[in-house]
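Structure first, then comments.
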Amino acid sequence: MLPAGSTVYVVDCHSLIFQVFHAIPEMTSPRGEPVNAVFGFTKDLLKLIEDKRPDALICAFDPPGDTFRHELYPVYKGERSETPTELRSQFPKIHQIVEALRIPIISVPKFEADDVLATVARLCDESQVFCRLVTGDKDSRQLITNHVAVYNIRKDHVYDEVALLADWGVRPDQVVDFQSLVGDKIDNIPGVPLIGPKIAKELLDEFGTLDRVLDNADRVKGAKRQQNLKEGRELALISRQLVRLDQYVPVEIDWQAARVGDFDAERLAELCADFGFRSIAERMAALSSGGAADTAPSDWEANYRAIDTPEALAELAKTLAACEVISVDTETTSVNPREAELVGFSFAWAEGEAAYVPVRGPAGDRVLPLADVLAVLGPILEDESIKKIGQNLKYDMIVLRGAGVTMRGLSFDTMIASYLLDAGERTHNLDVLSDRYLGHTTVKISELIGSGKNQKRMDEVPVAQIAEYAAEDADVPLRLWPMLHERLDRDGLLPLSDDLETPLVEVLAEMEWNGVRVDVDRLAELSKQFALRSQELAEQIEEIVGHPFNLASPKQLAEVLFQEIGLKPIKRTKTGPSTDAAVLEELAALHPLPRLIVEHRQYAKLRGTYVDALPQLVNAKTGRVHCSFNQVVAATGRLSCSDPNLQNIPIRTDEGRQIRSAFTAGEAGWKLVAADYSQIELRVLAHFSEDETLCKAFAEGQDIHTLVASQVNGVGLDEVTSEQRRGAKAVNFGIIYGQSPFGLAKTLGIPKEVAAQFIADYFARYPGVMDFMLDTLDTAARQGYVETLLGRRRAIAGVRKPGPPKGALFDDRPQPLQMNLPERTAVNTVIQGTAADLIKLAMLAVSRRLKDEGLRTKLILQIHDELVFDAPEEEVEQLTTLITEEMQGVANLRTPLAVDIGVADNWAEC
DNA sequence: TAAATAGGCTACGTC
DNA sequence: GACGTAGCCTATTTAT
């Protein structure tokens, strides 16, 4: 037997083979034989070996011929169709692979592979060896214990006692009875009619076992169900025999042979060549040469405890108070921190040393009174000298503040560290980080609270179950910290983390806590107005079309426009002709309908997204809207905003702008103060380009679009036509957004050639801009990433290296006129990201000043280049100076930063 | 068979 | 270029 604590994976091979056979499209070897299942199965085995690093591996196969279950119940698995020939021929090949990997194959006549799994599971459990059953078969769930779990390789998901409880609501020892009641179509297990998972769980909850359920059939609700239980008694009992796995299959396991690591490299190479597996061959070679993976094998030692007595709490406090650094996490009742109630706290103070302190739980579970816990732990959380680390600490700060605790000493946030290291990653979730950096799979929250409509709240989950999960959530950041810290240091990102992003967490927490006042009555007024107009338009549209249809359905609209009316489609989407605003605009010249649709859409959008949606998001307690600012989603370094997104409140149209009038100062005697950077991105561009004229123009406060129009067109400043200014403005924006001539032509509605000429003229006049772009492309191509002013990085692949240096005889460098997507992204990221750096600096600086000068003014919103404050009228004057100084003073660029400030009762008038 | 859920897609609001 | 949200539509899962 293996030593206690090792891990063995046992594979139910047929289950896996059938899965991959159906999932992978046809594939043939160089000799023309089908190999899709061989390919899929081999890849799965490799994945297990590479990712899971088991100490041992065993492959169980179903033997040919019938098993004891067929003798018991002749139609067992009767619904199964014959194995297709294209699959049958692949079995010998799979055996060859498994043999070459030197994994023991176990197949016992009369017993199914599942029974072998059951037997191995028992042996492991008896010897304290961890066992993972790799199968899609639900029968295996009856085998779950402390040491045994089911592993779903498709979903990379470990199904254990907790998962079972969340899923079926039963304990492992109830699985057999559960399945006997429910039955299984695929295996032709009869079960009892009218009893599904829901009812089975209820019955077992009430009566405990199948026998007792059957004996108490009289007491079951529902006449028909009662009858079925009585009549189906025998079938249920047979079902039970079919479902129950045999844990005593007569078989000797050669544990020594099962150990992973000894491969027949030569034979593997031969087989891969034979089957035409190129990528697999490489991985096999790496395995055989002992190529270690990036992450350590998971030997996760942890000592997690639940704190449920005052003595234990005191002990914990003593431990924590003596620490320089602790990791903190909270469990709550809601993802919205402003509505969340505390359910528990977790702390980690050394790797694997963590505790969970429950303050709420299901009736009967032992918890400590919140007030007592706060009295003991509050001072630690508020102690600046005890440094706090964690994952997404902004959330915990807001929750704690709701409980009257100001968390201080924030020093490291793993989510932000991960973002700084790789801003392009899709998520920076703790479970992903744990997997990526520690090679450890964490308990998933869905295993605790489930998902979908019967998702539970955290306070409804038994404390014992949460403790493990919660303690881990504090432990993992603590373990990630040194690794992430070192990587940040290596990339020169520590100052950005320590001096900008981490302190910013507190500012964002403050902003979210503050929220913005929304005038619900005003919105209701607008809603009525918009609804009326919307209704009128809908009626006119129906009149023209002749029948009602869903105006919000692009599909139905396309049908009406292009089939019924017979207009010509302008462009296509993936699924049919496009009906977007640009298309409708063009069609408006030919028919009255498109114009009406555009207008109707505008009102529908305003109503659906803002006017009717906003009131629902007003917090009942505060009467304000508290959106969430996300610090780790925008790859450029910008913030993003959600629930609701207050960074896209309309401003361009009159109708839309009215919505801003519903955003008001918090109370009488207060004002909204909006301060925005004027042309910050163009100033950043001027800075990087080092173009003297541009910088000088900004220094003198000239209108930059007029200036560019005058210079590019070679006319005097006062001769610039509005048309020329519009063109120059579009080019300026095009540069920032990395727009192509095609895009510019579209926005301006001019021919592509004219747009291209426009841009060429621009670059001729501002060679510094061109040089900046070429430098950026060169950097991106060379090092695979670009950097902002403060050294923020974004990895970008696919940038081509610009040609010979400037001044070479044949200057055929790729022109910024023809950049591909990665190239445009690279240029845009430097500009947009630098602007993001600057306003983040401004937020920190302004917040500090507000605090230092003891003002009551509250920062409430950030919209990329704008900060909005809620301020007492008497502070406005002082505030205006303060904001201007701090916002302008954040950096010393070649261009000065200019700030415009508006003061009013509502946002529209700012 | 109907209802619930998930995910893709189109469209559109901001900077 | 960077985002988030709404609504429709379809496919898939689940409940009865």
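A, B, ... follow the sequence lines: proteins, then strands. Residue 1 opens every chain.
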Could you state the atom-to-atom distance from [atom1] of [X] to [atom2] of [N] in whole Å?
X: A:Arg601; N: B:dC12; atom1: CZ; atom2: P; value: 5 Å
X: A:Asn820; N: C:dG1; atom1: CG; atom2: C1'; value: 14 Å
X: A:Arg572; N: B:dA11; atom1: CZ; atom2: P; value: 12 Å
X: A:Asp643; N: C:dA6; atom1: CG; atom2: C1'; value: 14 Å
X: A:Asp676; N: B:dC15; atom1: CG; atom2: P; value: 9 Å
X: A:His864; N: C:dG1; atom1: NE2; atom2: P; value: 16 Å
X: A:Leu646; N: C:dC3; atom1: CG; atom2: P; value: 18 Å
X: A:Leu551; N: B:dA11; atom1: CG; atom2: C1'; value: 14 Å

Would you indicate, yes or no, if [N] has its OP1 or OP2 atom less than 4.0 angstrom from a side-chain nitrogen or oxygen of [X]?
X: A:Ser578; N: B:dA11; value: yes
X: A:Thr573; N: B:dT10; value: yes
X: A:Thr829; N: C:dA2; value: no

Open item on the list: Is it true that, when you exclude A:Arg426 itself, more than 12 heavy atoms of the residues, nucleotides or ligands shown sit nearer than 6.0 Å to its CZ?
Closed with: no
Open item on the list: Can you confirm whether A:Lys752 is buried at NZ, in the sense that more than 12 heavy atoms of other residues, nucleotides or ligands lie under 6.0 Å from that atom?
Closed with: no
Task: Pairwise 5' ranking along DNA chain C for A:Ser553 and A:Ala423, keeping only the more 5' one - done: A:Ala423
TODO: Output yes when A:Glu681 and A:Arg638 qualify as a salt bridge under the 4.0 Å nitrogen-oxygen rule, no when they do not.
DONE: yes
Task: N-O pairing of A:Asp654 and A:Arg657 below 4.0 Å - done: yes
Please work out if [X] contacts a base, only the sugar-phosphate, or nothing of the nucleic acid, heavy-atom cut-off 4.0 Å.
X: A:Gln556; answer: sugar-phosphate
X: A:Arg652; answer: base
X: A:Ile736; answer: nothing

TODO: Please work out which residues in residues 788-799 of chain A have a non-hydrogen atom less than 4.0 Å from an atom of DNA chain B and list them by number.
DONE: none
Task: Set of residues satisfying salt bridge (Lys or Arg N to Asp or Glu O under 4.0 Å) with respect to A:Arg522, sequence neighbours excluded - done: A:Glu525
TODO: Taking salt bridge (Lys or Arg N to Asp or Glu O under 4.0 Å) as the test, write out the residues that go with A:Asp703, two or more places apart.
DONE: A:Arg725
Open item on the list: When you compare the side chain of A:Glu512 with that of A:Lys394, does any pair of heavy atoms fall below 4.5 Å?
Closed with: yes
Open item on the list: Do A:His600 and A:Ser534 make a side-chain contact, defined as non-hydrogen atoms from C-beta onward lying under 4.5 Å apart?
Closed with: yes
Between [options], which one does the side chain of [X] approach most closely?
X: A:Ala581; options: C:dA2, B:dC12, B:dC15; answer: B:dC12
X: A:Ile651; options: B:dT14, C:dC8, B:dG13; answer: B:dT14
X: A:Lys574; options: B:dG13, B:dC9, B:dC15; answer: B:dC9
X: A:Pro554; options: B:dA11, B:dG13, C:dG1; answer: B:dA11
X: A:Ala613; options: B:dA11, C:dA6, C:dA2; answer: C:dA6

Open item on the list: Taking salt bridge (Lys or Arg N to Asp or Glu O under 4.0 Å) as the cut-off, I'd like each qualifying pair that reaches into residues 726-744 of chain A, sequence neighbours left out, listed once.
Closed with: A:Glu723-A:Arg726
Task: Aromatic ring proximity A:Tyr762/A:Tyr766, centre distance under 6.0 Å - done: yes
Open item on the list: For B:dG13, does the base pair up with any side-chain atom of A:Asn648 as donor and acceptor (N or O, under 3.5 Å, distance only)?
Closed with: yes
TODO: Test for a donor-acceptor pair under 3.5 Å between the base of C:dC9 and the side chain of A:Lys555, counting only N and O atoms.
DONE: no
TODO: Answer yes or no: is there a donor N or O on one side and an acceptor on the other, between the side chain of A:Asn828 and the main chain of A:Ile736, under 3.5 Å?
DONE: yes
Open item on the list: What residues from residues 629-641 of chain A pass a heavy-atom cutoff of under 4.0 Å to DNA chain C?
Closed with: A:Val633, A:Ala634, A:Ala635, A:Thr636, A:Arg638, A:Ser640, A:Cys641
Task: Modelled atom types, side-chain donor and acceptor of A:Asp137 and A:Ser15, under 3.5 Å - done: no
Open item on the list: Let's go through A:Arg794 and A:Glu787 carefully: what are the C-alpha distance in whole Å and the side-chain angles of both, what is the deciding distance for salt bridge (charged side-chain N to carboxylate O under 4.0 Å, His left out) to 0.1 Å, and is it a yes or a no?
Closed with: CA-CA 7 Å; A:Arg794 177 179 184 183; A:Glu787 283 184 337; over 6 Å; no
Task: Relative orientation of the end axes in the helix from B:dT1-C:dA15 to B:dC15-C:dG1, expressed as an angle to the nearest 10° (five pairs per end) - done: 10°
